[in-house]
Amino acid sequence: MDVMEQPEQAWLAEYRQGRVEALGQLVDHFRRPLYAFISRMMDGHVDADEVFQEVWLRAIKNLDRFNDDKLLSWLFRIAHNLVIDRSRRCKPSASLDAPVHEGDEALGQRVAAPGLTPATVAAGHDMGARIAAAVGRLPVEQREVFLLRMEGDLPFKDIARMQKVSINTALARMQYALAKLREELRDDYRSIGRHES
């Protein structure tokens with residue numbers, strides 16, 4: 001194995017040999033895809049930070065048993081299980097968009113969001129926000145396949161194993177997800193086509 005092509009394997013080996021700083025390098029290396037997956041699977045729920053930390057705590061605890069060469073797939077599997085466990089336990093929470101008492105304004109309208117200006121809020125309604133919203137409306141299994149493939153760049157074989165389905169089922173879920181996204185976002189795509197011509 002070439003260490004330059006697989007820095008995470010070198011960091012893992014260093015951590016196992018007692019170099020604690022190597023763990024920080026692993027966490028930083030996998031932060032973006034892993035956190036994005038957790039956050040989107042939890043619909044941006046505030047517990048995403050806790051789940052991200054719990055993934056690493058469980059990974060560290062079970063590192064001696066890890067013998068696969070696909071660390072990111074293993075981390076996604078841990079995250080997948082934690083998200084499912086949390087969704088089973090999760091009770092509906094109060095919405096900032098709902099009034100506290102009848103006739104009141106919504107709590108979210110009274111509490112200023114830190115760092116958000118009207119221009120930032122307006123910019124939040126761009127294509128990226130519409131795509132993220134459309135992905136969030138996909139059925140859970142399709143959303144998970146879509147995010148694991150697009151965010152984590154996981155092979156369908158690993159996704160199928162994680163979801164405990166056949167590769168054909170994982171591929172079908174991705175096709176259904178893409179078809180639903182195309183349908184839901186077709187007006188946006190037409191609009192882009194008009195602006196480019």
Side-chain angles (χ1 to χ4, degrees), residues 1-87 89-90 114-116 120 123-124 126-129 131-136 138 140-165 167 170-171 173-174 177-178 181:
M1 173 186 320
D2 186 77
V3 174
M4 296 303 289
E5 291 180 12
Q6 299 279 337
E8 63 271 9
Q9 294 298 328
W11 295 326
L12 183 58
E14 289 174 22
Y15 178 71
R16 284 177 166 163
Q17 294 168 2
R19 188 173 158 262
V20 178
E21 298 82 23
L23 179 64
Q25 292 171 301
L26 281 169
V27 172
D28 288 342
H29 184 70
F30 292 123
R31 180 179 309 280
R32 190 200 64 75
L34 187 59
Y35 189 84
F37 170 73
I38 293 167
S39 179
R40 290 184 179 159
M41 285 304 297
M42 297 184 71
D43 296 323
H45 198 271
V46 293
D47 290 345
D49 287 331
E50 290 177 25
V51 172
F52 181 78
Q53 291 172 12
E54 182 66 23
V55 167
W56 283 103
L57 289 173
R58 288 197 184 184
I60 291 166
K61 185 177 177 181
N62 295 297
L63 206 52
D64 292 337
R65 292 187 282 172
F66 173 73
N67 58 6
D68 195 356
D69 62 346
K70 297 175 184 166
L71 184 58
L72 185 58
S73 293
W74 185 56
L75 293 170
F76 273 123
R77 222 171 14 258
I78 294 170
H80 162 85
N81 292 336
L82 286 170
V83 168
I84 288 173
D85 290 348
R86 193 151 297 222
S87 69
R89 291 191 317 251
C90 191
L116 292 180
T120 305
D126 66 355
M127 179 66 137
I131 291 171
V135 169
L138 290 171
V140 174
E141 295 87 1
Q142 293 174 20
R143 180 175 16 151
E144 184 176 50
V145 170
F146 181 83
L147 292 172
L148 288 170
R149 183 70 182 149
M150 302 308 288
E151 294 288 336
D153 198 26
L154 263 65
F156 283 105
K157 177 180 76 172
D158 292 349
I159 295 170
R161 186 176 62 192
M162 189 180 304
Q163 289 194 326
K164 298 179 180 151
V165 296
I167 290 178
L171 287 167
R173 287 177 176 173
M174 182 67 165
L178 291 173
L181 291 173

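Keep in mind that the numbers below use all heavy atoms, side chains included, and drop hydrogens, waters and symmetry copies. Here, residue 1 is the first one in the sequence, and each next residue gets the next number. No experiment lies behind these values; they were computed from the predicted model shown.
Separating the CG atom in Leu178 from the CZ atom in Phe146 is a distance of 6.0 Å, to the nearest 0.5 Å. Atom CG of Asp158 and atom CE of Met162 lie 7.0 Å apart (nearest 0.5 Å). Distance check: Phe156 CZ to Leu148 CG gives 10.0 Å after rounding to the nearest 0.5 Å. To the nearest 0.5 Å, atoms CD (Gln142) and CG (Leu181) are separated by 9.0 Å. Atoms CG and OG, from Asp153 and Ser73 in turn, are 10.0 Å apart once rounded to the nearest 0.5 Å. In this structure, the separation between CZ on Phe37 and CG on Leu147 is 7.0 Å, given to the nearest 0.5 Å.
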Residue pair Val140, Met41: steps toward the side chain to side chain contact (heavy atoms under 4.5 Å, CB included) verdict | CA-CA 8 Å; Val140 174; Met41 285 304 297; 3.8 Å; yes
Working for side chain to side chain contact (heavy atoms under 4.5 Å, CB included), residues Arg149 and Arg173 = CA-CA 11 Å; Arg149 183 70 182 149; Arg173 287 177 176 173; over 6 Å; no
When you look at Leu26 and Leu71, which way does the side chain to side chain contact (heavy atoms under 4.5 Å, CB included) test go after all the steps?
-> CA-CA 10 Å; Leu26 281 169; Leu71 184 58; 3.7 Å; yes
Residues Arg86, Glu50; criterion salt bridge (Lys or Arg N to Asp or Glu O under 4.0 Å); working and verdict | CA-CA 11 Å; Arg86 193 151 297 222; Glu50 290 177 25; 3.3 Å; yes
Working for side chain to side chain contact (heavy atoms under 4.5 Å, CB included), residues Phe76 and Val55 | CA-CA 9 Å; Phe76 273 123; Val55 167; over 6 Å; no
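The nearest pair of heavy atoms linking Pro33 to Glu151 is CB-O, 3.4 Å. Residues Arg143 and Val135 approach most closely at CD-O, 3.4 Å, considering heavy atoms. Of all the heavy atoms in Phe52 and Ile38, the pair that sits closest is CA-CD1, 3.7 Å. The two residues Ala22 and Tyr15 have their closest heavy-atom pair at CB-N, 3.8 Å. Considering every non-hydrogen atom in both Ala170 and Ile159, the closest pair reads CB-CG2, 4.4 Å. In terms of heavy-atom proximity, Leu72 sits nearest to Gly152 at CD2-O, 3.7 Å.
Between the side chain of Arg161 and the backbone N or O of Arg77 there is no donor-acceptor pair closer than 3.5 Å. At least one donor-acceptor pair closer than 3.5 Å links the side chain of Gln163 to the backbone N or O of Glu141.
Surrounding CE of Met174 are more than 12 heavy atoms belonging to other residues, nucleotides or ligands, all under 6.0 Å away.
Applying side-chain contact (heavy atoms from CB on, under 4.5 Å) to Arg58 and the options Leu75, Leu82, Leu63 leaves one that passes, Leu82.
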